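Computed over heavy atoms, backbone and side chain alike; hydrogens, waters and symmetry mates excluded. This is a predicted model, so every value here is computed, not measured. Atoms within a ligand are numbered from 1 in the order they appear, just like the ligands themselves.
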Amino acid sequence: MLVLHHLENSRSQRIAWALEALGVEYAIETYQRTPDKEAPATLKRVHPLGHAPILQDGELVLAESGAILEYLAEAYDEKQVLKPAAGDKEAIVNYRYWLHFAEGSFMSLLIIMMLFKNIPKQPMPFFVKPVAKGISSKVMEKFVDPRLKDMLSYIEDHLNQQHWFAGAQVSAADIQMSFPVLALSQSMDLAQYPAIERWLGQVRKEPAYQRAAAKVGEFKPF
Ligand SMILES: N[C@@H](CCC(=O)N[C@@H](CS)C(=O)NCC(=O)O)C(=O)O
């Protein structure tokens with residue numbers, strides 16, 4: 001039996017979507033975040049790093065959402081609902097690229113953005129606050145904003161040419177990209193990126209996505 005160790009309001013929504021798309025039987029173990037919004041220590045009993053998602057398949061304990069999606073595509077995807085057909089070379093190249101881009105490039109930048117935006121909100125002596133604000137806004141201006149703009153334009157261009165990230169069919173590349181785009185859409189107006197908004201609308205209409213959201217919820221900013 002597959003068991004999804006799901007941390008509330010987290011990347012494990014991706015795996016719930018994939019499991020719903022595959023139509024396999026699975027159980028959900030839900031974990032609540034601590035008051036500091038971290039994963040509880042109990043998740044470390046399942047995997048040493050204690051980050052969500054974690055998927056258990058019998059004796060096998062799998063972590064890292066991209067790796068879990070690749071595992072599911074290899075082990076359970078007879079009908080090819082997660083991965084394009086091997087013969088469709090362009091779709092496969094796009095599938096692999098966006099599957100990795102989501103965590104490797106996009107989420108890394110969003111985490112830097114979140115951390116630096118939050119620095120000035122932390123408790124600190126009043127005289128340190130202007131320094132913290134200065135550092136935060138410099139990092140945003142010099143590092144985060146230009147890279148984010150480049151990435152969003154690049155995604156927009158791609159989605160102007162492709163209906164889904166890997167061509168005509170929804171795939172695990174869309175599942176992997178859904179989390180950063182959803183997270184960003186809740187803290188930033190994406191109206192200047194109509195193809196990204198169109199794609200997000202498609203995601204929300206996917207029946208498997210809707211079934212997963214009904215079970216584990218959709219990501220909401222803290
Ligand atoms: N790259 C990993 C990231 C895993 C990760 O950081 N998960 C977050 C949830 S979205 C988590 O467990 N955060 C709680 C914590 O760090 O305490 C993946 O895609 O699975």
Task: side chain to side chain donor-acceptor pair (under 3.5 Å), paired with S12, selected from H51, E29, H6 - done: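 Of all the options given, the one that passes is H6.
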- [ ] Working to the nearest 0.5 Å, report the span between CD1 of I54 and CG of L4.
- [x]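 Rounded to the nearest 0.5 Å, the CD1-CG separation comes to 9.5 Å.
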Open item on the list: Distance check, rounded to the nearest 0.5 Å: D174 atom CG versus W199 atom CH2?
Closed with: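 The distance works out to 6.0 Å.
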- [ ] Using the side-chain contact (heavy atoms from CB on, under 4.5 Å) rule, pick out the option among Y209, W17, W98 that qualifies with I175.
- [x]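 With I175 as partner, side-chain contact (heavy atoms from CB on, under 4.5 Å) holds for just one option, W17.
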Hey, which atoms in ligand 1 end up nearer than 4.0 Å to a heavy atom of [X]?
{"X": "S65", "result": "18 (C), 19 (O), 20 (O)"}
{"X": "E38", "result": "17 (O)"}
{"X": "R14", "result": "19 (O)"}
{"X": "P53", "result": "20 (O)"}
{"X": "A39", "result": "14 (C), 15 (C), 17 (O)"}

Does an N or O anywhere in [X] fall below 3.5 Å from an N or O of ligand 1?
{"X": "Q176", "result": "no"}
{"X": "E103", "result": "yes"}
{"X": "A52", "result": "yes"}
{"X": "F179", "result": "no"}

Open item on the list: For Y97 and Y154, take the angle between the two ring planes, folded into 0 to 90°, and tell me which bin it lands in: parallel under 30, tilted 30 to 60, perpendicular over 60.
Closed with: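 Because their plane-to-plane angle is over 60°, the rings of Y97 and Y154 count as perpendicular.
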TODO: Would you verify whether the NZ or CZ of R33 falls within 45 degrees of the ring axis of Y31 while also being under 6.0 Å from that six-membered ring's centre?
DONE: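 Not satisfied by the 6.0 Å and 45° rule.
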Task: Shortest protein heavy-atom distance from atom 8 (C) of ligand 1, along with the residue and atom involved - done: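 For atom 8 (C) of ligand 1, the nearest protein heavy atom comes out as R11 NH1, 3.6 Å.
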Open item on the list: Does only the side chain of M107 get under 4.0 Å from ligand 1, or the backbone, or both, or neither? Count heavy atoms.
Closed with: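 For M107, no heavy atom sits under 4.0 Å from ligand 1.
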TODO: Would you mind checking if K83 and E70 are paired as a salt bridge, meaning a charged N to carboxylate O distance below 4.0 Å?
DONE: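 Here E70 does not pair with K83 in a salt bridge, since their nearest N and O are not under 4.0 Å apart.
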Task: Closest non-hydrogen atom pair, A132 against I119 - done: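 Minimum heavy-atom separation between A132 and I119: CB-CG2, 4.0 Å.
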